[in-house]
Amino acid sequence: MDISQEILNQFIRSKLTNVDERFLKIEEYAKKNNVPIVSREVSRLLTILTMLRKPKRILEIGTAIGYSTLSMHIGYPEAKIISIEMDFDMVMQAKKNVRAFLAEDKITIIGGEAEEVLQAIDGEFDMIFFDAAKAQYIDYFNLTRDKMSKECLLVCDNVLFKGMVVGRRYLVRRMITIAKRMNKFIKMIEDDPEFVMTLLPISDGVLIAIKK
């Protein structure tokens, strides 16, 4: 008998119960205000990846209210994180959440369009996380590639796009273009000789790649 992805996600989530109360408050706020944040299982994955990689600098595209940002922060509190978010209200809420973790000296949240903000950011990053407009992942990659250090860890959420990248039977007509672009993005990373990539079927799909 096949088990649906949602049942698997629910099972995984049910086992991740040792959660900081401050994270629970962010989850409650997101649910109440219909704010899209990473799932608890992806949050835990980000924490573990930062614990392993110990990045000096992290770049995040798509802050929302700072849940994923802080998930990376607690994994390696020494990391300097720059996170970009285009929604002003979310920027303000994210900064409030960062203050609750006393992490203002480590986390910088910048409001604006990623394409514009990235042009003003210098230096290399040891870890980069995409969780913004799915149709623009190719653009984000092209804009950040030169900012990736050797062995930079690239993590991208929602790459299975509710299963729509898997096959035509799962496609919703108005999402066809986004699904095609996401498939193109995944293939582009897989075919790039400078990267080693894998896909994890947790939540809505996570792509992890390392720059050689």
Side-chain angles (χ1 to χ4, degrees), residues 23 25-39 42-43 46 50 55 57-73 79-101 103-148 152-162 164-165 172 174-182 184-186 188-189 203-207:
F23 278 109
K25 289 181 179 179
I26 297 175
E27 290 178 1
E28 291 170 4
Y29 178 94
K31 185 176 181 179
K32 181 179 179 180
N33 294 277
N34 198 29
V35 175
I37 60 173
V38 299
S39 65
V42 173
S43 167
L46 290 171
T50 50
R57 298 182 80 212
I58 299 172
L59 174 66
E60 177 181 47
I61 301 180
T63 316
I65 54 175
Y67 185 62
S68 52
T69 322
L70 290 162
S71 299
M72 293 185 284
H73 169 71
K80 291 283 189 178
I81 302 176
I82 296 178
S83 188
I84 304 169
E85 173 57 52
M86 64 179 294
D87 186 291
F88 177 76
D89 291 334
M90 288 194 187
V91 168
M92 299 309 294
Q93 184 62 36
K95 289 183 176 181
K96 180 179 177 180
N97 291 332
V98 167
R99 285 195 296 273
F101 279 75
E104 299 105 313
D105 62 326
K106 296 296 184 180
I107 299 173
T108 301
I109 299 172
I110 303 175
E113 294 282 353
E115 294 85 348
E116 297 177 5
V117 175
L118 287 170
Q119 294 179 19
I121 295 177
D122 296 322
E124 293 185 333
F125 293 88
D126 307 304
M127 181 173 176
I128 296 178
F129 178 54
F130 294 169
D131 188 24
K134 312 312 166 191
Q136 297 181 42
Y137 275 22
I138 292 174
D139 299 328
Y140 298 151
F141 178 76
N142 290 332
L143 287 165
T144 58
R145 180 171 185 149
D146 290 343
K147 301 180 186 297
M148 296 181 188
C152 176
L153 186 64
L154 174 65
V155 185
C156 308
D157 198 19
N158 304 119
V159 295
L160 295 182
F161 198 54
K162 303 184 188 305
M164 283 185 259
V165 302
V172 175
R174 61 189 176 85
M175 299 293 186
I176 290 176
T177 299
I178 300 176
K180 286 182 176 179
R181 286 184 62 83
M182 186 62 80
K184 183 178 179 181
F185 169 70
I186 294 170
M188 182 176 71
I189 304 298
S203 193
D204 194 26
V206 179
L207 179 150

Neighbour count >12 (heavy atoms, 6.0 Å) for atom CD, Glu104:
yes
Answer yes or no: does atom CE of Met188 have more than 12 heavy-atom neighbours from other residues, nucleotides or ligands under 6.0 Å?
yes
Hey, does [Y] have a side-chain heavy atom less than 4.5 Å from the side chain of [X]?
X      : Y      : result
Asp131 : Glu60  : no
Asn33  : Ile65  : no
Asp204 : Val42  : no
Leu207 : Phe185 : yes
Cys152 : Ile128 : yes
Met90  : Thr63  : no
Phe129 : Ile58  : no
Cys156 : Tyr140 : no

State the [atom1]-[atom2] distance between [X] and [Y], to the nearest 0.5 angstrom.
X      : Y      : atom1 : atom2 : value
Gln119 : Leu143 : CD    : CG    : 7.5 Å
Leu154 : Met148 : CG    : CE    : 4.5 Å
Ile61  : Glu115 : CD1   : CD    : 8.0 Å
Thr108 : Leu59  : OG1   : CG    : 11.5 Å
Tyr137 : Phe130 : OH    : CZ    : 8.0 Å
Ile110 : Met86  : CD1   : CE    : 15.0 Å

Grab the two heavy atoms, one from [X] and one from [Y], that are nearest each other, plus how far apart they are.
X      : Y      : result
Ala103 : His73  : CB-NE2, 3.6 Å
Met72  : Leu46  : CG-CB, 3.9 Å
Ala64  : Pro36  : CB-O, 3.6 Å
Leu160 : Gly205 : CG-CA, 3.6 Å
Thr50  : Met127 : CG2-SD, 3.3 Å
Gly66  : Ala94  : N-CB, 3.8 Å

Do Phe23 and Phe101 have their ring centres less than 6.0 Å from each other?
yes
Side chain to side chain donor-acceptor pair (under 3.5 Å) filter on Arg145, not counting sequence neighbours, yields Asp192, Glu194
For side chain to side chain contact (heavy atoms under 4.5 Å, CB included), just list the numbers for Lys25 and Tyr29, CA-CA rounded to whole Å, side-chain angles, deciding distance to a tenth of an Å, and then say yes or no.
CA-CA 6 Å; Lys25 289 181 179 179; Tyr29 178 94; over 6 Å; no
Listed by chain and number, what are the salt bridge (charged side-chain N to carboxylate O under 4.0 Å, His left out) partners of Lys95, not counting sequence neighbours?
none
Applying salt bridge (charged side-chain N to carboxylate O under 4.0 Å, His left out) to Arg181 and not counting sequence neighbours gives Asp139
So, the side chain of Lys96 versus the backbone of Val91: is there a donor-acceptor pair under 3.5 Å, distance only?
no
Only one of Ile138, Thr144, Asp146 passes side-chain contact (heavy atoms from CB on, under 4.5 Å) with Asn142; say which it is.
Ile138
Decide side chain to side chain contact (heavy atoms under 4.5 Å, CB included) for Leu70 and Ile26; before the verdict, give the C-alpha distance in whole Å, the side-chain angles of both, and the deciding distance to 0.1 Å.
CA-CA 10 Å; Leu70 290 162; Ile26 297 175; 3.9 Å; yes
